Amino acid sequence: MAANFYDSSQAKFWTFTKPELANIRQEQEKTNPQLFAKHPMPDHRHINIFLQGNLCKLAKRMALRQQPLATAQIYMKRFYTQVPFQRTNPYLIMTTAVYLACKMEESPQHIRLMLGEAARQWAELGVTESGKIGECEFAMISTLRSRLILHHPYRSLGEFSSTLGLSPEEQSLAHNIVNDSYNTDLPLLHPPHVIAITAIFLAVVLRPANSQPAGLTAHSTAHTPVGGAGAIQGAAMSGPAAQSALAGIGIWGQGRQVGQQRLAKLVDWLADSRVDMNAVIDATQEMVSLYDVWESYNERSCKEAISRFMKDSPGK
Amino acid sequence: MNSTPYAPHRHINDHYDIVGFISSGTYGRVYKAISKRNPTVPQTKPTHPDGRPVEAFAIKKFKPDKEGELQYTGISQSAIREMALCTELSHPALIHLVEIILESKCIFMVFEYAEHDLLQIIHHHSLLPRTPIPSSTLRSCMFQLLSGLLYLHQNWVIHRDLKPANIMVTSKGSIKIGDLGLARLFYKPLLPLFSGDKVVVTIWYRAPELLLGSRHYTPAIDLWAVGCIFAELLSLRPIFKGEEAKQDSKKAVPFQRNQMGKIGEVLGLPRKQDWPLLVAMPEYPNLQSVSMHNPAVSRPVGLDKWYRNTLSNQNYSQPSNPPPDDSALDLLRKLLEYDPLKRLSAEKALEHPYFIGEDGRGDGKGLPSWNCFEGLETKYPARKVSSEGNEHATGSLPGTKRSGLPDDSLLRPTQKRREV
């Protein structure tokens with residue numbers, strides 16, 4: 001638990017291998033063939049981007065902090081491994097996840113306030129009684145098997161950033177990349193420190209050319225990484241060994257003296273640590289492909305896909 | 001498959017037979033239960049982490065906030081904490097959670113059943129003819145309690161409500177810390193601990209820094225409570241049995257003058273030369289008023305004398321049951337240390353000579369046992385479980401109930417057999 005990630009329920013019960021996760025999703029489709037045939041969904045990363053964007057709007061309205069928001073996103077990710085997305089009211093699930101996460105992260109919000117703010121944010125919510133959130137909370141806790149304590153990459157990110165002496169811009173970019181990682185499956189696949197290292201790695205390699213506003217999410221950063229994306233992807237795929245991947249990226253950073261020094265330091269540090277480099281490479285690829293997918297994200301088509309199945313079965 | 005994704009997965013009555021009622025409080029009730037005798041659905045035999053089957057269960061049922069409430073009102077933060085922490089934590093000296101069932105607006109937390117608790121054991125010994133708790137039992141209880149507490153603190157959890165009634169003892173002599181309803185994580189909190197719950201820890205076991213209004217507190221508050229429990233196991237009555245000043249309507253937390261006075265009667269009032277940060281405590285200006293209301297604090301008994309009086313009042317007559325030696329007094333003194341920075345940590349307490357002796361191996365007594373009843377002839381009476389469901393919610397004895405919590409209104413179960 002808090003002392004050791006590998007003893008936590010997150011490590012023991014809510015971390016999957018890729019085939020396991022793929023299998024879970026296939027099973028869901030197999031047991032609900034009509035639902036999935038009638039309501040095909042966009043790429044699940046597009047859905048995640050949509051959900052994150054909406055959660056951020058609610059968080060802004062309620063002046064919530066990063067941590068409960070991240071926790072809410074993980075609750076939803078886990079919930080949707082057990083329940084088909086199209087069977088729910090995603091707006092109610094978002095509201096409930098935030099409500100529960102705020103309690104868990106010691107910044108509780110009153111259930112009626114929660115309902116009021118969510119209803120003002122989303123006309124689609126369609127819920128007028130706070131009891132519905134309470135009922136959904138029961139279902140969510142039950143589905144998550146009461147495993148509500150989470151480990152996020154932010155803690156490791158802070159520690160590693162100071163160890164490596166990252167610049168404020170790099171730190172802020174790494175932080176935004178971690179925020180973006182919540183749109184991928186990474187939180188269900190890798191320990192939080194792997195995601196933190198991946199974010200630092202990307203931040204150092206892709207160093208922000210000009211400083212960008214650090215919002216709750218880095219989706220503004222989506223444009224910057226794409227430039228370097230090909231280079232990383234190529235490097236990482238060319239060989240499984242960390243060294244070759246890192247060497248490949250080193251070339252990309254040529255001509256930028258400071259960056260190279262930092263990169264060299266990072267490479268040394270990674271070599272000394274006992275970090276699972278294959279996991280870092282895999283996570284790097286996931287992030288790069290997220291930014292690729294982000295290019296074709298369309299908010300409206302996600303919203304419409306959701307309202308179509310909600311009209312069909314109001315997700316009660 | 002269910003058409004609604006929100007239906008409960010398991011039903012309490014499919015898996016358990018309630019055999020009796022244990023206690024009640026405003027949060028709900030605790031029942032004793034066994035595995036379903038005539039099950040209609042497939043059963044899995046619940047086991048302890050070590051593989052032993054769980055024979056009996058204590059089921060804590062949280063009722064909806066208002067009786068007869070037709071709506072879900074949202075689960076209290078306290079219940080959420082207890083559910084999440086009990087699910088996450090696992091240690092031999094911590095009560096084992098079997099499962100949680102959420103069904104028809106109620107939460108059922110299913111725990112392993114423990115036959116006794118420390119309050120019950122203290123009570124048993126204080127019945128006439130009074131007998132002291134055997135030294136070996138005492139030492140084992142303290143050792144196990146501190147081991148469990150070390151585990152909690154290593155996992156960044158402060159219990160915040162340690163007292164004899166919350167420390168269970170199984171029939172095999174294992175100590176099990178229970179009731180994590182007030183416990184919480186203290187790793188880099190988003191808000192200071194104070195702002196969440198203005199009042200923590202039952203008054204008799206509340207650490208001086210809390211009594212003095214400290215905004216930031218640490219796991220050391222649990223060690224003060226352990227010191228109080230140690231003293232109570234020795235003397236069979238609470239060492240600092242004060243009266244709680246009630247919160248007024250404006251939610252201002254009053255200064256606990258009476259409780260501070262009770263501590264002062266034994267230890268004397270805290271002084272800034274012993275506790276440098278004392279003057280920074282919000283209630284420091286009120287400290288002087290304690291001696292005006294309670295002149296005894298100016299002539300404190302002193303912990304040494306308290307200890308000697310206690311031992312001589314106890315009936316340590318039989319040669320088979322020698323009293324604890326002075327290392328017990330030394331441990332007690334270091335737990336009941338005013339300055340939280342100087343107070344022993346759980347880790348240091350476990351290295352104290354009281355447990356490991358001067359030679360590190362227990363000085364011939366051996367290291368403390370994980371069975372606090374080892375070598376004992378007496379058998380403690382089993383917990384009283386009433387078959388009829390009539391609950392005696394006796395209310396307001398400070399040793400038994402939890403003080404008012406601004407973040408929710410969950411109270412501790414009231415224990416019926418509390419000696420006053």
Side-chain angles (χ1 to χ4, degrees), chain A residues 1-4 7-10 12-13 31-32 65-68 79-80 82-84 87-89 92-93 96 99-100 102-112 114-115 129-150 154-155 158 313 315-316, chain B residues 1-10 64-65 69-91 97 99-109 150-157 184-193 195-197 407-408:
Chain A
M1 95 145 262
N4 181 355
D7 288 338
S8 69
S9 60
Q10 184 171 338
K12 286 193 278 196
F13 301 101
T31 43
N32 303 277
R65 296 188 176 231
Q66 178 80 63
Q67 182 97 353
F79 185 79
Y80 285 130
Q82 308 293 306
V83 179
R87 209 181 272 290
T88 65
N89 171 349
L92 176 60
I93 298 294
T96 306
Y99 172 64
L100 180 58
C102 284
K103 276 191 278 194
M104 223 21 247
E105 301 295 347
E106 304 288 346
S107 48
Q109 303 291 329
H110 197 280
I111 193 164
R112 274 191 224 108
M114 198 68 227
L115 174 69
E129 294 160 23
S130 59
K132 277 274 173 282
I133 299 175
E135 183 188 18
C136 188
E137 179 182 33
F138 261 53
M140 186 168 282
I141 294 174
S142 197
T143 304
L144 303 183
R145 298 282 185 273
S146 308
R147 291 168 190 137
L148 303 176
I149 295 176
L150 299 186
Y154 300 106
R155 193 191 290 184
S313 71
K316 150 66 200 86
Chain B
M1 191 188 151
N2 259 311
S3 61
T4 160
Y6 309 136
H9 301 262
R10 277 165 75 89
D65 279 352
E69 186 74 55
L70 294 171
Q71 263 205 358
Y72 287 88
T73 51
I75 302 169
S76 76
Q77 198 183 7
S78 158
I80 294 274
R81 276 183 194 141
E82 185 167 8
M83 292 161 73
L85 286 170
C86 288
T87 301
E88 200 71 25
L89 298 166
S90 173
H91 186 270
L97 176 75
E99 68 170 323
I100 299 174
I101 293 179
L102 298 109
E103 184 183 355
S104 32
K105 305 189 186 70
C106 290
I107 301 165
F108 300 90
M109 291 187 75
L150 173 62
Y151 171 80
L152 287 179
H153 290 175
Q154 281 174 334
N155 284 286
W156 305 96
V157 176
R184 59 166 284 180
L185 291 166
F186 63 94
Y187 186 90
K188 283 195 190 162
L190 293 177
L191 295 166
L193 297 182
S195 62
D197 320 88
D407 72 330
D408 59 40

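Quantities reported herein were computed from a predicted structural model and do not represent experimental measurements. Lettering follows sequence order; numbering is per chain, from 1.
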Donor-acceptor check, side chain of A:Lys103 to backbone of B:Gly74, threshold 3.5 angstrom: yes or no?
no
Smallest heavy-atom separation, A:Phe138 atom then B:Leu102 atom, equals CD2-CB, 3.5 Å
Could you walk me through whether A:Ile111 and B:Thr73 pass the side chain to side chain contact (heavy atoms under 4.5 Å, CB included) check?
CA-CA 8 Å; A:Ile111 193 164; B:Thr73 51; 5.9 Å; no
Counting N and O atoms only, with roles assigned by atom type, does the side chain of B:Gln77 sit under 3.5 Å from a partner on the main chain of A:Pro108, one being a donor and the other an acceptor?
no
What heavy-atom pair brings B:Glu88 and A:Gln10 nearest, and what distance separates the two atoms?
OE2-N, 4.4 Å
Could you pull out the closest heavy-atom pair between B:Ala84 and A:Leu148, with the gap in Å?
CB-CB, 4.0 Å
Closest heavy-atom contact between A:Leu100 and B:Ile80?
CD1-CD1, 3.4 Å
Nearest 0.5 Å please: distance from the OG atom of A:Ser146 over to the CG atom of B:Leu85.
11.5 Å
Counting heavy-atom pairs closer than 4.5 Å to chain A, which one of B:Thr87, B:Ile75, B:Ile100 comes out on top?
B:Ile75
Check whether A:Ile133 gets within reach of chain B through its side chain, its backbone, both or neither, counting any heavy atom under 4.5 Å.
neither
Check whether any side-chain heavy atom of B:Ile107 sits under 4.5 Å from a side-chain heavy atom of A:Ile141, and report yes or no.
no
Given the rule in the side chain to side chain contact (heavy atoms under 4.5 Å, CB included) test, do A:Asp7 and B:Asn155 qualify, once you have shown the distances and angles that lead to the verdict?
CA-CA 10 Å; A:Asp7 288 338; B:Asn155 284 286; over 6 Å; no
Supply the atom-to-atom distance B:Arg184 CZ to A:Met104 CE, rounded to the nearest 0.5 angstrom.
10.0 Å
